[in-house]
Enquirer: 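Submitted below is the structure of interest, expressed as structure tokens.
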Amino acid sequence: MTVKELSEKLNLSICCGAAGLDREIRGGYTSDLLSDVMGNAQEGAVWVTLQTHKNIMAIASLKELAAIVLVKGLQPEEDTAAESENEEIPILSTTLETFDITGQIYQLLHPLP
Amino acid sequence: MEFNYNLEGGNFSRAGAASSEVKKLLKQLNVSPALIKRIVIALYEAEVNVVAHAYEGVMNVVFDNQTIRVKITDKGPGIPDIGLAMQEGYSTASPKVREMGFGAGMGLPNMKKNCDSLSIESQVGVGTTVTMITHLQ
């Protein structure tokens with residue numbers, strides 16, 4: 001599934017980094033601790049977090065994540081958005097809370113037979 | 001080959017820039033992707049430690065066909081008890097740094113897991129030198 005498909009299916013707003021909407025999602029990771037994401041997220045994952053500062057882009061880029069999803073209607077800070085455009089890694093936003101959006105993403109990536 | 005990158009204490013907007021440079025370099029040198037992934041985790045954590053705790057530092061990267069050696073030297077407060085600092089979950093990061101999602105006490109353990117040998121020398125009030133060696137084969 002691409003980031004674009006995910007954003008359409010779950011009604012996520014695209015904050016920035018639209019050039020990367022064709023990135024393929026290969027899994028997900030949910031955490032607000034940056035070292036946890038750095039140490040454990042897999043390449044191609046979509047990352048669900050409430051952190052909005054620029055360092056999330058450093059992690060997304062170094063780990064080659066597919067996209068970041070901000071929860072509770074949060075928006076990226078200005079320099080975070082600029083970096084997302086540079087790196088072509090989209091930042092999406094949902095009004096849902098972390099538990100709910102993570103569950104919905106999981107269901108899409110692991111559909112019941 | 002040898003490369004040096006300057007690290008700036010306290011400047012979180014630059015954190016990860018040096019690691020990103022080294023990553024590009026390793027890709028150009030055709031280091032295996034699995035190895036790059038490990039090295040990058042260790043580099044980023046080391047870089048963030050300098051930004052979060054020290055005043056300034058240098059990331060020195062030396063490699064040949066067999067190994068990559070990264071030495072991060074900083075001027076900073078130093079680490080009084082390295083054994084304690086190595087414990088997962090132990091952190092002396094400020095509340096502000098923690099709010100950003102850093103300072104969970106996972107940095108040094110992440111570094112140890114993601115290189116072949118980690119050594120730390122530190123002098124309180126002077127600074128810290130972290131050396132990480134990873135075999136490329």
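Here is how names work: the chains are called A, B, and so on, in the same order as the sequence lines, proteins then strands, and each is numbered from 1.
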Enquirer: At their closest point, which heavy atom of A:Ala58 faces which heavy atom of B:Ala15, and how far apart are they?
Expert: CB-O, 3.7 Å
Enquirer: Would you say CG of B:Asn65 has more than 12 non-hydrogen atoms from neighbouring residues, nucleotides or ligands within 6.0 angstrom?
Expert: no
Enquirer: When you measure from the side chain of B:Lys113 to the backbone of A:Gly39, do you find a donor-acceptor pair of N or O atoms at a distance under 3.5 Å?
Expert: no
Enquirer: Under 4.5 Å from any heavy atom of chain B, what part of A:Asp32 do you find: side chain, backbone, both or neither?
Expert: backbone
Enquirer: Roughly how far, to the nearest 0.5 Å, is the CZ atom of B:Arg14 from the NZ atom of A:Lys54?
Expert: 7.0 Å
Enquirer: Which atoms form the tightest heavy-atom contact between A:His53 and B:Met100, and what is the distance?
Expert: NE2-O, 2.7 Å
Enquirer: Would you check, one step at a time, whether the test side chain to side chain contact (heavy atoms under 4.5 Å, CB included) holds for B:Met106 with A:Leu34?
Expert: CA-CA 9 Å; B:Met106 302 173 79; A:Leu34 274 60; over 6 Å; no
Enquirer: Take atom CD of B:Glu121 as the centre, draw a 6.0 Å sphere, and report whether it contains more than 12 heavy atoms from other residues, nucleotides or ligands.
Expert: no
Enquirer: Testing B:Val48, B:Asn114, B:Val40 one by one against A:Met38 for a side-chain contact (heavy atoms from CB on, under 4.5 Å), which residue passes?
Expert: B:Val40
Enquirer: Quick one: CG on A:Leu62 to CD1 on B:Ile36, what's the gap to the nearest 0.5 Å?
Expert: 11.5 Å
Enquirer: In terms of hydrophobic clustering (I, L, V, M, F, W, Y; side-chain heavy atoms under 4.5 Å; direct or indirect links), are B:Val126 and B:Ile120 co-clustered?
Expert: no
Enquirer: For the residue pair A:Asn55 and B:Phe12, what are the closest heavy atoms and their distance?
Expert: OD1-O, 2.9 Å
